[in-house]
Amino acid sequence: MAAYEIDDAEFQAWAKRVDEKIATDAVKLGIERSARRIKAQSMREVKTRTPVDTGHLRRTWHVNGPFISGMAITLELYNNAEYAPFVENGHRTRGGGGWVEGRFMLRDTIEALDAQLPSLISPSLRTALKGLLD
């Protein structure tokens, strides 16, 4: 078995720079601002896509978070109306006579947010992380 020696001093110096930069208050504040922007946009998007009959379905959207776990920052967007999954995914009509297509309010919102995510990142976070990967 061959023995190898690797000099990782340059990597360790970079890792230390990254650690120092992400531990700043500016980064924490930027993450909080970005999360607030994403939360607000997610509620706007999903409510816009939600069909209105009585308005109950639109009013019962909620967003929780952010939840930070390791490297992931997540938000929980949900609707607790009993019939929300049927409007989202579609359903059979009474008596089995047909199918009502789903409106995919949540799915389409997630896809839209995925495309908008770079623009929702707070400018203060971009500034705080500038030069990190140089």
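Predicted, not measured: the structure shown is a model, and the values here were computed from it.
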Which word best sums up how the rings of Tyr83 and His56 line up, parallel for under 30°, tilted for 30 to 60°, or perpendicular for over 60°?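 Aromatic pair Tyr83/His56 classed tilted.
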How close do [X] and [Y] get, counting heavy atoms only, and between which atoms?
X	Y	result
Gly30	Ser124	CA-OG, 3.6 Å
Val27	Ala128	CG2-CB, 3.7 Å
Phe86	His91	O-CD2, 3.5 Å

Which distance, rounded to the nearest 0.5 Å, do you find between the [atom1] of [X] and the [atom2] of [Y]?
X	Y	atom1	atom2	value
Asp108	Thr48	CG	OG1	12.0 Å
Lys39	Ser34	NZ	OG	13.0 Å
Arg37	Leu117	CZ	CG	10.5 Å
Thr109	Glu88	OG1	CD	8.0 Å
Leu77	Glu45	CG	CD	10.5 Å
Glu76	Ser42	CD	OG	11.5 Å

Donor + acceptor pair across side chains of Thr50, Trp61 (<3.5 Å):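 Note: Thr50 and Trp61 side chains meet the donor-acceptor criterion.
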Hydrophobic cluster membership, [X] vs [Y], 4.5 Å side-chain cutoff:
X	Y	result
Leu29	Ile73	no
Ile110	Val87	yes
Val46	Val63	yes
Ile31	Leu113	no
Leu75	Tyr78	no

Do Glu32 and Lys28 sit within salt-bridge range, that is, some charged N less than 4.0 Å from a carboxylate O?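 No, Glu32 and Lys28 are not salt-bridged.
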For the residue pair Ser69 and Thr74, establish whether any side-chain heavy-atom pair is separated by less than 4.5 Å.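 Contact flag for Ser69/Thr74 side chains = no.
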Should we count [atom1] of [X] as having more than 12 external heavy atoms under 6.0 Å?
X	atom1	value
Asp8	CG	yes
Arg107	CZ	yes
Glu20	CD	yes
Arg58	CZ	yes

Could you walk me through whether Leu57 and Met105 pass the side-chain contact (heavy atoms from CB on, under 4.5 Å) check? CA-CA 11 Å; Leu57 188 61; Met105 311 154 294; 4.2 Å; yes
